Amino acid sequence: MALNVLGFIGWIGGWIVLLGISTRTPDWVVWIFMPYFIYGSYRVVVQARYFPAALRMLRILRTYPWQVLRGVPNGLTKHPDVLGSQYGWFELPNPASPGQQLPLVFGQHLRVEWWSRRMAPRAKPVLKAQIEVVWFAGDPRFVGLIAAPTRDCRAPRRLQVLQQQMGTDGGRRDFAEWGATPEDIERGRRVGIRPARP
């Protein structure tokens, strides 16, 4: 989140500084700065679009502790149990029934390229090994935050929000079927999920 804020301020600040310089110099100087004006505007929009996801990550981390998991099934193909758009998935154990695996998906493609290269069926083993161990915070029945470990495996990096998009007949999720208690649902509400009571 801090890097996102610094990037946002940096791109806007650079744009303003170069605009100030170009108004006090000959007209041809504007053409030198034009690539930055165009690309800088694009980067500001990209940074601004990331703020809602970053705030959601903070809410998830305040509600759920990190877990370190090994060998989590994942894929890029469309998961048969998932409704709607998806850009890759991880199957995580249901806290109420550890034998049951629930898929969580990347619901949007923003910043998932790094993950996609490692989840691809033809990815090199050295890339796949980078997600053999993952950090997870959340509840697979609602929402989660996935992260890859740093090189020394002591901290998470490359954080991404995963969403629950499974449905039952009629397209509604059945949290009671997954063993969600009223306490679980209340924790889900704290991170912005609006489930019906089981």
Side-chain angles (χ1 to χ4, degrees), residues 1 50-112 114-116 118-121 128-150 153-198:
M1 180 71 171
Y50 186 65
F51 277 113
L55 292 173
R56 191 167 202 196
M57 289 177 190
L58 283 174
R59 289 168 70 183
I60 291 170
L61 289 174
R62 287 181 181 148
T63 307
Y64 298 102
W66 280 116
Q67 306 170 52
V68 178
L69 305 173
R70 180 176 294 277
V72 177
N74 62 71
L76 285 178
T77 57
K78 185 165 176 58
H79 196 285
D81 297 329
V82 174
L83 304 172
S85 62
Q86 52 184 288
Y87 301 93
W89 50 268
F90 281 85
E91 281 188 344
L92 296 143
N94 180 346
S97 176
Q100 181 184 26
Q101 296 286 104
L102 299 175
L104 286 171
V105 301
F106 297 114
Q108 55 182 339
H109 60 83
L110 184 65
R111 298 187 179 197
V112 298
W114 186 91
W115 288 94
S116 298
R118 284 141 185 87
M119 295 166 67
K128 285 186 179 279
Q130 293 176 0
I131 59 170
E132 176 63 26
V133 173
V134 293
W135 290 55
F136 178 74
D139 187 331
R141 297 168 290 190
F142 306 118
V143 69
L145 184 60
I146 195 102
T150 56
C153 296
R154 293 186 180 189
R157 67 185 179 120
R158 304 278 182 184
L159 282 66
Q160 284 290 329
V161 173
L162 296 175
Q163 302 171 4
Q164 177 52 255
Q165 291 182 190
M166 283 178 63
T168 57
D169 294 335
R172 294 186 51 127
R173 291 176 278 183
D174 190 353
F175 298 110
E177 182 181 298
W178 297 337
T181 65
E183 292 79 20
D184 296 331
I185 290 175
E186 185 54 40
R187 290 177 86 190
R189 288 179 196 280
R190 278 186 247 149
V191 295
I193 304 299
R194 297 287 171 248
R197 295 218 170 257

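Small disclaimer: the values here were computed from a predicted structure and weren't measured.
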Peer 1: Got a second to check how far Leu83's CG is from Lys78's NZ, nearest 0.5 Å?
Peer 2: 7.5 Å
Peer 1: Output yes when a side-chain donor or acceptor of Gln101 lies under 3.5 Å from a complementary backbone atom of Glu91, and no otherwise.
Peer 2: yes
Peer 1: Below 30° counts as parallel, above 60° as perpendicular, anything between as tilted: where do the rings of Trp115 and Phe106 land?
Peer 2: tilted
Peer 1: Write down the atom of Ile131, the atom of Val134, and the distance for their closest heavy-atom approach.
Peer 2: O-CG1, 3.6 Å
Peer 1: Is a donor on one side and an acceptor on the other found under 3.5 Å between the side chain of Arg118 and the backbone of Trp114?
Peer 2: yes
Peer 1: Might you point out which heavy atoms bring Phe142 and Asp184 nearest each other, and give the distance in Å?
Peer 2: CE1-O, 3.4 Å
Peer 1: Short question: side chain of Arg141, backbone of Gly179 - any donor-acceptor pair under 3.5 Å?
Peer 2: yes
Peer 1: Are the side chains of Leu104 and Phe136 in touch, meaning some heavy atoms are under 4.5 Å apart?
Peer 2: yes
Peer 1: Counting C-beta onward and ignoring hydrogens, is there a side-chain heavy-atom pair between Gln160 and Phe90 closer than 4.5 Å?
Peer 2: no
Peer 1: To the nearest 0.5 Å, what is the distance between CG (Leu92) and CG (Asp139)?
Peer 2: 10.0 Å
Peer 1: Counting only N and O atoms by type, is there a donor-acceptor contact under 3.5 Å from the side chain of Arg158 to the main-chain atoms of Ala147?
Peer 2: no
Peer 1: Please find the pair of heavy atoms, one from Gln130 and one from Pro149, that lie closest to each other, and give the distance.
Peer 2: O-CD, 3.9 Å
Peer 1: Does one side chain, of His79 or Gln165, offer a donor that lies under 3.5 Å from an acceptor on the other?
Peer 2: no
Peer 1: Could you tell me whether the side chain of Tyr64 reaches within less than 4.5 Å of the side chain of Leu145, counting heavy atoms only?
Peer 2: no
Peer 1: Identify the heavy atoms of Gly138 and Gln67 that sit nearest to each other, and give their distance.
Peer 2: O-NE2, 4.2 Å
Peer 1: Please name the pair of heavy atoms, one in Leu162 and one in Val143, separated by the smallest distance, quoted to 0.1 Å.
Peer 2: O-CG2, 3.2 Å
Peer 1: Distance from Thr181 atom OG1 to Arg187 atom CZ, nearest 0.5 Å?
Peer 2: 9.0 Å
Peer 1: Is any side-chain heavy atom of Leu159 less than 4.5 Å from a side-chain heavy atom of Trp135?
Peer 2: no
Peer 1: Hey, does Gln163 have a side-chain heavy atom less than 4.5 Å from the side chain of Arg56?
Peer 2: yes
Peer 1: Does Trp178 reach the side chain of Gln164, with side-chain heavy atoms less than 4.5 Å apart?
Peer 2: yes
Peer 1: Could you tell me the separation between the CG atom of Asp81 and the CG atom of Leu102, rounded to the nearest 0.5 Å?
Peer 2: 9.5 Å
Peer 1: Looking at Thr77 and Trp89, what are the two nearest heavy atoms and their distance?
Peer 2: O-NE1, 2.8 Å
Peer 1: At what distance, to the nearest 0.5 angstrom, does CD1 of Ile60 lie from CG of Leu55?
Peer 2: 11.5 Å
